Q: 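Below is the structure I would like to discuss, written out as structure tokens.
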Amino acid sequence: MKCYIDAGNTRIKWQIGPKGKAKALAWSEKSQWLEQMSSSSGKKQTISKFVVATVSSESLRQWLAETLAENFANVPVQWLKSRARCCGVKLAYPEVSQFGVDRFCALVATRQRCPDQAVLVINAGTAITVDYIAPTGQHEGGIIMPSLAAMKAGLNALAPNLSDRREPHESGVGAQTAWLATNTADALQLGRQWMLVSALSQTINAMRAHAAPCSLAVVVGGGDAIAVQAMIDPAAHVVENLVLEGVKILARQRE
Ligand SMILES: Nc1ncnc2c1ncn2[C@@H]1O[C@H](COP(=O)(O)OP(=O)(O)O)[C@@H](O)[C@H]1O
Ligand SMILES: CC(C)(COP(=O)(O)O)[C@@H](O)C(=O)NCCC(=O)O
């Protein structure tokens, strides 16, 4: 059986066999990965090939390559790359290798789910990427923005005295209900939330107008898919493991 891997910047996700259960582990716990991966395969001898989409750092990529080589010496590893044309998707980037392979996998999976439709693909991981595919399968481009966690980490790094800690008597704002906050922790939380909601809503509205008279489907993937979908369009489809789904499709293609 094949083992499909989506190695992002925060977590490694994997699935063994096309009907296996998708699992995830934060990179901070990577020492447990081999054991968890082997136990999810039942017997590690059953893995015939690893198919990997990675956008993680060079050191994590190397760690993964070495871990596989040391523990599965005779099992081939296919490192996926973005392609100009594949599975009905035509990529907009003139420099194909610049386009994150995770985004590419998400496009391929979305196109298979929504053939002949205009779709906005939101992948909510370490970064939030938004890509538009026309009904013809032409990808017209996308945007990359920080996730809620990245906004928090970025501001913490630049303003270390700005504490996110909530005092015991501060109950916390209800998500999406309040516009204005009266304490620091809530002000930071609402600021991040409204940045994300405003950016995504504006993009969805603009792409909806662009796609007209075709209707626009919205597909949301990634570790924060459920949280992001709750903040935007209730009709958006959540497919948490959208990238892994694309990895599986690309694993069936000729290299
Ligand atoms: N156990 C977890 N560890 C870390 N992040 C998690 C976990 N469970 C959910 N998340 C959320 O998932 C996000 C990462 O999503 P993911 O799609 O795995 O990103 P990436 O592909 O960039 O690694 C985090 O920002 C976090 O909000
Ligand atoms: C934008 C990304 C960092 C998102 O990665 P992720 O949040 O899934 O870890 C990744 O797709 C990437 O490194 N892309 C290369 C640049 C681009 O796609 O234009």
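Please read these numbers as outputs of a predicted model, since none were measured by experiment. When a ligand or atom number is given, it counts from 1 through the structure's own listing order.
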Q: Using a 4.0 Å heavy-atom cut-off, which part of Thr129 comes near ligand 2: side chain, backbone, both, or neither?
A: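 The answer is the side chain of Thr129.
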Q: I'd like to check whether Asp224 has a polar contact with ligand 1, where a contact means an N/O of the residue lying under 3.5 Å from an N/O of the ligand.
A: yes
Q: I need the minimum non-hydrogen distance between Met231 and Leu148, along with the two atoms involved.
A: CE-CD1, 3.7 Å
Q: Taking C-beta and beyond as the side chain, do Leu188 and Lys152 meet within less than 4.5 Å on heavy atoms?
A: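 With C-beta onward as the side chain, the pair stays apart.
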Q: What is the closest protein heavy atom to atom 7 (O) of ligand 2, and at what distance does it sit?
A: Ala127 N, 2.8 Å
Q: Hey, which atoms in ligand 2 end up nearer than 4.0 Å to a heavy atom of Arg103?
A: 11 (O), 17 (C), 18 (O), 19 (O)
Q: Out of all atoms in ligand 1, which are within 4.0 Å of some heavy atom of Thr126? Include the element for each.
A: 19 (O), 20 (P), 22 (O), 23 (O)
Q: If you measure every N/O of Gly223 against every N/O of ligand 1, is any gap under 3.5 Å?
A: yes
Q: Identify the closest protein heavy atom to atom 11 (O) of ligand 2: which residue and atom is it, and at what distance?
A: Asp102 OD1, 2.7 Å
Q: Which protein heavy atom lies closest to atom 13 (O) of ligand 2, and at what distance to 0.1 Å?
A: Val55 CB, 4.0 Å
Q: Does any N or O of ligand 1 fall below 3.5 Å from an N or O anywhere on Arg11, backbone included?
A: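 Yes; at least one N/O pair falls below 3.5 Å.
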Q: Can you name the side-chain contact (heavy atoms from CB on, under 4.5 Å) partners of Val77, sequence neighbours left out?
A: Phe50, Val52, Leu68, Trp79
Q: Do Val218 and Leu107 sit in the same hydrophobic cluster, where Ile, Leu, Val, Met, Phe, Trp and Tyr count as joined when their side-chain heavy atoms come under 4.5 Å apart?
A: no
Q: So if I count the atoms of ligand 2 from 1 in the order they appear, which ones are less than 4.0 Å from some heavy atom of Ile144?
A: 1 (C), 17 (C), 19 (O)
Q: Using a strict cut-off of 4.0 Å, indicate which atoms of ligand 1 neighbour a heavy atom of Asn9.
A: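 Atoms satisfying the 4.0 Å criterion: 20 (P), 22 (O), 23 (O).
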Q: When hydrophobic residues are tied together by side-chain contacts of less than 4.5 Å, even through go-betweens, does Val89 share a cluster with Val247?
A: yes
Q: Show the nearest heavy-atom pair for residues Cys86 and Val108, with the distance to one decimal.
A: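 Closest approach of Cys86 to Val108: O-CG2, 4.3 Å.
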Q: Could you tell me whether Lys13 and Asp102 make a salt bridge, using a distance below 4.0 angstrom between a side-chain N and a carboxylate O?
A: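 No, this pair does not count.
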Q: Within a distance under 4.0 Å of any heavy atom of Thr10, pick out the atoms of ligand 1 and give their elements.
A: 4 (C), 5 (N), 20 (P), 22 (O), 23 (O)
Q: Is the closest heavy-atom distance from Glu240 to ligand 1 below 4.0 Å?
A: no
Q: Show me which atoms of ligand 1 lie under 4.0 Å from any heavy atom of Gly222.
A: 17 (O)
Q: Which atoms of ligand 1 sit under 4.0 Å from any heavy atom of Gly8?
A: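 With Gly8 as reference, the close atoms of ligand 1 come out as 20 (P), 21 (O), 23 (O).
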Q: For ligand 2, which atoms, with element, lie under 4.0 Å from some heavy atom of Phe99?
A: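 Counting atoms of ligand 2 from 1, those under 4.0 Å from Phe99 are 18 (O).
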Q: If you take all heavy atoms of Trp14 and Cys3, which pair is closest and at what distance?
A: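 Smallest heavy-atom distance, with atoms named: CB-SG, 4.4 Å.
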Q: When rounded to the nearest 0.5 angstrom, what distance separates CG in Leu250 from SG in Cys87?
A: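 With rounding to 0.5 Å, CG (Leu250) is 5.0 Å from SG (Cys87).
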Q: Return the closest protein heavy atom for atom 21 (O) of ligand 1 as residue, atom name and distance.
A: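 Here the closest protein heavy atom is Lys13 NZ, 2.7 Å.
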Q: Looking at Gln98, which atoms of ligand 2 are within less than 4.0 Å of one of its heavy atoms?
A: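 Within the 4.0 Å cut-off of Gln98, ligand 2 contributes 15 (C), 16 (C), 17 (C), 18 (O), 19 (O).
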Q: Quick one: pull up CG in Asp224 and OG1 in Thr126 and give me the separation to the nearest 0.5 Å.
A: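 The OG1 atom of Thr126 is 9.0 Å from CG of Asp224, to the nearest 0.5 Å.
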Q: Measure up the His139 and Tyr93 rings against each other and bin them: parallel (under 30°), tilted (30 to 60°), perpendicular (over 60°).
A: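 Geometry flag for Tyr93 against His139: tilted rings.
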Q: Among protein heavy atoms, which sits nearest to atom 14 (N) of ligand 2, and what does the distance come to when rounded to 0.1 Å?
A: Gly100 CA, 3.5 Å
Q: Side chain, backbone, both or neither: which part of Asn9 has a heavy atom under 4.0 Å from ligand 2?
A: both
Q: Please report which non-hydrogen protein atom sits nearest to atom 19 (O) of ligand 2, along with the residue it belongs to and the distance in Å to one decimal place.
A: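 Answer, as residue, atom name and distance: Tyr93 OH, 2.7 Å.
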Q: According to salt bridge (charged side-chain N to carboxylate O under 4.0 Å, His left out), who are the partners of Lys49, at least two apart in sequence or on a separate chain?
A: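 Residues passing salt bridge (charged side-chain N to carboxylate O under 4.0 Å, His left out) with Lys49: Glu255.
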Q: Mind checking the CD1-CD1 spacing from Ile47 to Ile16? Nearest 0.5 Å is all I need.
A: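 Rounded to the nearest 0.5 Å, the CD1-CD1 separation comes out at 4.0 Å.
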Q: For atom 19 (O) of ligand 1, what's the nearest protein heavy-atom neighbour? Residue, atom name and distance, please.
A: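 Looking only at protein heavy atoms, the one closest to atom 19 (O) of ligand 1 is Gly125 CA, 3.3 Å.
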